[in-house]
Amino acid sequence: MKLGRDFFARPAPLVARELLGQRLVHLDGGVRRAARIVETEAYHGPLDRASHAFRGPTPRAGIMFGGAAVAYVYVIYGNHGCMNVITGRPGEPSAVLLRSAEPLTGCHHSTRGPGNLCRALGLGRDRHNGLDLGGATLFFERDDAPAGRIVATPRVNVASAGPRWAARRWRFLLASSDWISGPDRGRYSSQLSSSRR
DNA sequence: CCAAGGATTGGC
DNA sequence: CCAATCCTTGGA
């Protein structure tokens, strides 16, 4: 069962949390590439200084103002793609960054980290930015299996947004996952935390 | 036009 | 720790 527009047309922090455990599917010319989302970040509202939408509807970020259930794929540091899902209501910019996932099918690369996730699933700005997630190419499938314990932390690499926004706990992850990205990878999984000390 | 910096990654 | 690598943005 696909996640529909109503799922995404809600505040980004809520969507980010509920996307954990769901499957992202890319039907890539006959190849099904799929991964289970284990880490997300919310970028929410016109005042969020960490959000690309903070400076208004610029050529790049304008898509964040246009309505939910659309892919926002941008290129960072010259090479890496980052995929977001637009959330919320039209005119109120918000999105969820897909930070990390567990590979399921058709992944020819690590899915740990936003750049790697895009590469593994064959996602890029050229082909996928602006794509409607209600179509046949790129969509989310509901996974009814229990997601497990969720941890909320500050977002990664947003220090320049200032302490107020950098401290906000809008990064969400599945504590039991072995596919978490970033400096705290492995910190929350029972296996690794019990072997520490 | 130019300069600065970036929602990252992998190598040293 | 640090550089790659080029896109986006804002300012002159």
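Order of the sequence lines fixes the chain letters, A, B, ..., with proteins taken first and strands second; residue numbering starts at 1 for each chain. Excluded from the calculations below are hydrogen atoms, water molecules and symmetry mates; all remaining heavy atoms, backbone and side chain alike, are included. Source: prediction; values computed, not measured.
If you check residues 147-173 of chain A against DNA chain C, you find no residue with a heavy atom closer than 4.0 Å. DNA chain C is contacted by A61(A), Y77(A), G78(A), N79(A) of residues 61-81 of chain A, taking any non-hydrogen atom closer than 4.0 Å. Applying a 4.0 Å cut-off to non-hydrogen atoms, the residues of residues 49-57 of chain A that approach DNA chain B are A50(A), H52(A), listed by residue number. Shown for residues 94-105 of chain A: residues whose heavy atoms fall under 4.0 angstrom of DNA chain B, namely L97(A), R99(A). For the segment residues 112-127 of chain A, the set of residues with a heavy atom within less than 4.0 Å of an atom of DNA chain C comprises R125(A), in numerical order.
Between Y43(A) and H52(A), the ring center distance fails the sub-6.0 Å criterion.
Of the possible polar contacts, none joining the R36(A) side chain to the P103(A) backbone as a donor-acceptor pair under 3.5 Å is found. Not a single donor-acceptor pair under 3.5 Å links the side chain of R171(A) to the backbone N or O of R155(A). For the pair N129(A) (side chain) and V73(A) (backbone), a donor-acceptor distance under 3.5 Å is present. T40(A) places no side-chain N or O within 3.5 Å of a backbone atom of L97(A) that could act as its donor or acceptor partner.
With rounding to whole Å, R185(A) atom CZ is found 12 Å from dT8(B) atom C1'.
In this entry dC1(B) has dG11(C) as its Watson-Crick or G-U wobble partner, both defining distances falling under 3.5 Å.
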message: Would E102(A) and T111(A) count as a side chain to side chain donor-acceptor pair (under 3.5 Å) here? Give the steps.
response: CA-CA 6 Å; E102(A) 170 191 343; T111(A) 51; over 6 Å; no
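Sorted by first and then second residue, the salt bridge (Lys or Arg N to Asp or Glu O under 4.0 Å) pairs involving residues 112-124 of chain A (not counting sequence neighbours) form an empty list.
Ring planes of H44(A) and W170(A): perpendicular class, angle over 60° (limits at 30 and 60°).
A heavy-atom distance below 4.5 Å is found between the side chains of F140(A) and L98(A). Within the 4.5 Å cutoff, the side chain of V75(A) has no heavy atoms near those of the N79(A) side chain.
Listed pair T58(A) / dT8(C) fails the phosphate criterion, with no side-chain N or O lying under 4.0 Å from OP1 or OP2.
R168(A) and D48(A) are not joined by a salt bridge, as no carboxylate oxygen comes within less than 4.0 angstrom of a charged side-chain nitrogen.
With no hydrogens or angles considered, no side-chain donor-acceptor pair links E39(A) and S177(A) at under 3.5 Å.
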